[in-house]
Amino acid sequence: MALRVYNTLSGSKEPFVPLTPGKARMYVCGVTVYDFCHIGHARAYVVFDMIYRYLQATGLEVEYVRNYTDIDDKIINRANREGVPYQEISEKFIAEFDRDMESLSIQLPTVQPKATEHIPEIIALIERLIEKGYAYQAGSDVNFSVEKFSTYLKLSKRNLEDMQAGARVEVDDRKRNPMDFALWKGAKPGEPYWESPWGQGRPGWHIECSAMSMKYFGESFDIHGGGKDLIFPHHENEIAQAEAATGKPFVKYWIHNGFVNINAEKMSKSLGNFFTIKQVLEHCDAEVLRFFLLSSHYRSPLDFSDQNLKESQAGLERIYNSLAGIDERLLGSATAAAGEEAAELEEKVAALPGRFREAMDDDFNTALALGHIFELVRSINKALPSAPAELLLKTKQEVAAIAGILGVMDSVPAEFLGRLMQRKSEGVEIAPEEIEKLIEERAEARKAKNYKRGDEIRDYLAERNIILLDSAQGTSWKIK
RNA sequence: GGCGGCGUGGCCAAGUGGUAAGGCAAAGGUCUGCAAAACCUUCACUCACCGGUUCAAAUCCGGUCGCCGCCUCCA
């Protein structure tokens, strides 16, 4: 089965057939850089990173463009509030965004264009729209005339009359239709500006994406993505700008990810119920967060909570425990006769790539793909004592192939588990030296068959969240 | 008001016509002096509710209820 993707434009899953065989071009709307990113952003960019990786894995040559909106009212407002040039704000938050993306193992897009570096392209596109009669100057602004563009609202599937009936549209008598939107905004005194045929000003929000995507991809390309909330007005307006100018279909597949919710409500700046990526990573491993974000389908809403994050951690820990078990077996000299368990594992391993691909081909069903991994984990754990080394090696390789696409489970198992333990140890108020001392004392006691004292020590440490692990090699410990 | 989506076990979550994956949690068991991890077993005759279509429906159709999103900046 070939890749099928849900296209917002058609409202259904469609076979993915790129415009140019063997190549895929994907544009994803980036952030407006005026503040720290929250985990809603994290989800969007993790999702498209996964899509980017999977498209590549299917053999396509993928060009991925993700922009920075580095000029906008919100940036200007913040700059004014802080009394600094707007560039200081945009540069700072571009750097913060880059750090966040890196911490989430998000691969760099092919190009990350900035709006302010594409003013000539933007102006050219606006001029083209004016020439064709789709845009008009109103004072120092230039607006797009939605009534001129007959297929306006085809993406969000609404109609102009209903939109206006619901009307929380602000009245602006310079607009011919209240739904008209700004392509160019004249600068008020003190605002940053660029010279243009319409005077000093700056681009409207939507035009940059049309201009930049067409600059890098041409007038038509394969995939355009972003959060669901961008469908209207942003993407709708992008379509209007691009298709009015070129007369050609702008984008073949529109892909939109679902929201991250807090208590079943959308997380957003305006509701004030958001967590920044940095806040979350203070008490949660980045890989756990990424795992959590991929644990449900990208179009479903995803409820963010400590409880859910903990479950993801427990699940990922289970996977890594199993992978660590493989490593230990491979390092050790133990060999074993293949048994029923090994045969089952062999079967699961052989089937894994196909099952993974089938899940991913069905509109990037990462939740199902992870389900397959968990099934594999059980087989691994069962077969661990008896499986031949070649089979374990093969298992590792197959998991690694998937890990490389999902961007999780790709750590060295012992390192991941160590990282987790490090993190957990921050909440422990007992010094490692003391634990070692008690372990020694307990060893003496156990040697003397004084299990009472031994258990006292175990209990004492357990109260402090320290779990003792006895093995043939001696006693180690971990944090609960 | 318009448009769109969702409702699967205690929780999370796949499944869109063929008789309910997987994870977390819980309970019992195996292993262990005791623990931990792991393994085994149990845990939805049922998929919000009511009708209908069908040999067959969580999946299709109609209705009801509940929740959410977009319609204003928003991933």
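Bear in mind that the values here come from a model prediction, so they are computed numbers and not experimental data. Just so you know, these numbers use all the heavy atoms, side chains as well, and skip hydrogens, waters and symmetry mates. Note on naming: letters A, B, ... go to the chains in the order of the sequence lines (proteins, then strands), and numbering restarts at 1 for each one.
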What is the distance, rounded to the nearest whole Å, between atom [atom1] of [X] and atom [atom2] of [N]?
X	N	atom1	atom2	answer
A:Asp306	B:C11	CG	P	18 Å
A:Met409	B:G23	CE	P	14 Å
A:Arg158	B:C70	CZ	C1'	5 Å
A:Phe291	B:A13	CZ	C1'	11 Å
A:Leu468	B:A36	CG	P	12 Å
A:Asp455	B:A36	CG	C1'	14 Å
A:Leu302	B:G23	CG	P	19 Å
A:Arg318	B:A25	CZ	C1'	13 Å

Sticking with atom [atom1], work out how far [N] lies from [M], rounded to a whole angstrom.
N	M	atom1	result
B:G62	B:C70	P	26 Å
B:C40	B:C47	P	29 Å
B:G17	B:U59	P	11 Å
B:A56	B:A38	C1'	41 Å
B:A48	B:G10	P	13 Å
B:A75	B:C39	P	42 Å
B:C50	B:A13	P	25 Å
B:C49	B:A57	C1'	16 Å

(message) Is it true that, when you exclude A:Glu436 itself, more than 12 heavy atoms of the residues, nucleotides or ligands shown sit nearer than 6.0 Å to its CD?
(response) yes
Would you call [X] and [Y] a salt bridge, using N to O less than 4.0 angstrom?
X	Y	answer
A:Arg158	A:Glu236	no
A:Asp306	A:Lys310	no
A:Arg464	A:Asp459	no
A:Lys114	A:Glu208	no
A:Glu344	A:Lys382	yes
A:Glu287	A:Arg419	yes
A:Lys437	A:Glu441	no

Please determine, for the side chain of [X], which listed nucleotide ([options]) has the closest atom?
X	options	result
A:Ala44	B:U16, B:A75, B:A21	B:A75
A:Ala367	B:C70, B:A35, B:A13	B:A13
A:Arg458	B:A35, B:C11, B:A75	B:A35
A:Ser296	B:A14, B:C24, B:A38	B:A14

With a 4.0 Å cut-off on heavy atoms, is [X] in touch with a base, just the backbone sugar-phosphate, or nothing at all?
X	value
A:Leu469	base
A:Ser312	nothing
A:Gly226	sugar-phosphate

(request) To the nearest 0.5 angstrom, please state how far the NZ atom of A:Lys396 sits from the CD1 atom of A:Ile326. (result) 7.5 Å
[N] base to [X] side chain: any donor-acceptor pair below 3.5 Å?
X	N	value
A:Arg442	B:G33	yes
A:Glu375	B:G22	no
A:Asp303	B:C12	no

Presence of [X] side-chain N/O under 4.0 Å of [N] phosphate oxygens OP1/OP2:
X	N	result
A:Ser300	B:A14	yes
A:Arg378	B:G23	yes
A:Asn365	B:G15	yes
A:Lys452	B:C34	no

(request) Take A:Arg43 and A:Lys13, find for each the nucleotide of RNA chain B with the closest heavy atom, and name the residue whose nucleotide sits nearer the 5' end. (result) A:Lys13
(request) Select from A:His297 and A:Gly258 the residue whose nearest nucleotide in RNA chain B is closer to the 5' end of that strand. (result) A:His297
(message) Taking the six-membered ring for Trp, are A:His206 and A:His235 closer than 6.0 Å centroid to centroid?
(response) no
(request) Verify the ring-centre separation between A:Tyr45 and A:Phe97: is it less than 6.0 angstrom? (result) yes
(request) Toss me the dot-bracket line for RNA chain B: Watson-Crick and G-U wobble, both under 3.5 Å, 5' to 3', using | for pairs to another strand and [ ] for crossers. (result) ((((((((.[[[..)..(...]]].(((((.......))))).....[[[[[..)....]]]]])))))))....
(request) Decide, applying a 5.5 Å centre-distance limit and a 30° plane-angle limit (both strict), whether A:Tyr451 stacks on B:G33. (result) yes
(request) Would you confirm whether A:Lys228, through its side chain, and A:Arg299, through its main-chain N or O, come within 3.5 Å as a donor-acceptor pair? (result) yes
(message) Within residues 261-269 of chain A, which residues have any heavy atom lying less than 4.0 Å from an atom of RNA chain B?
(response) A:Ala264, A:Lys266, A:Met267, A:Ser268
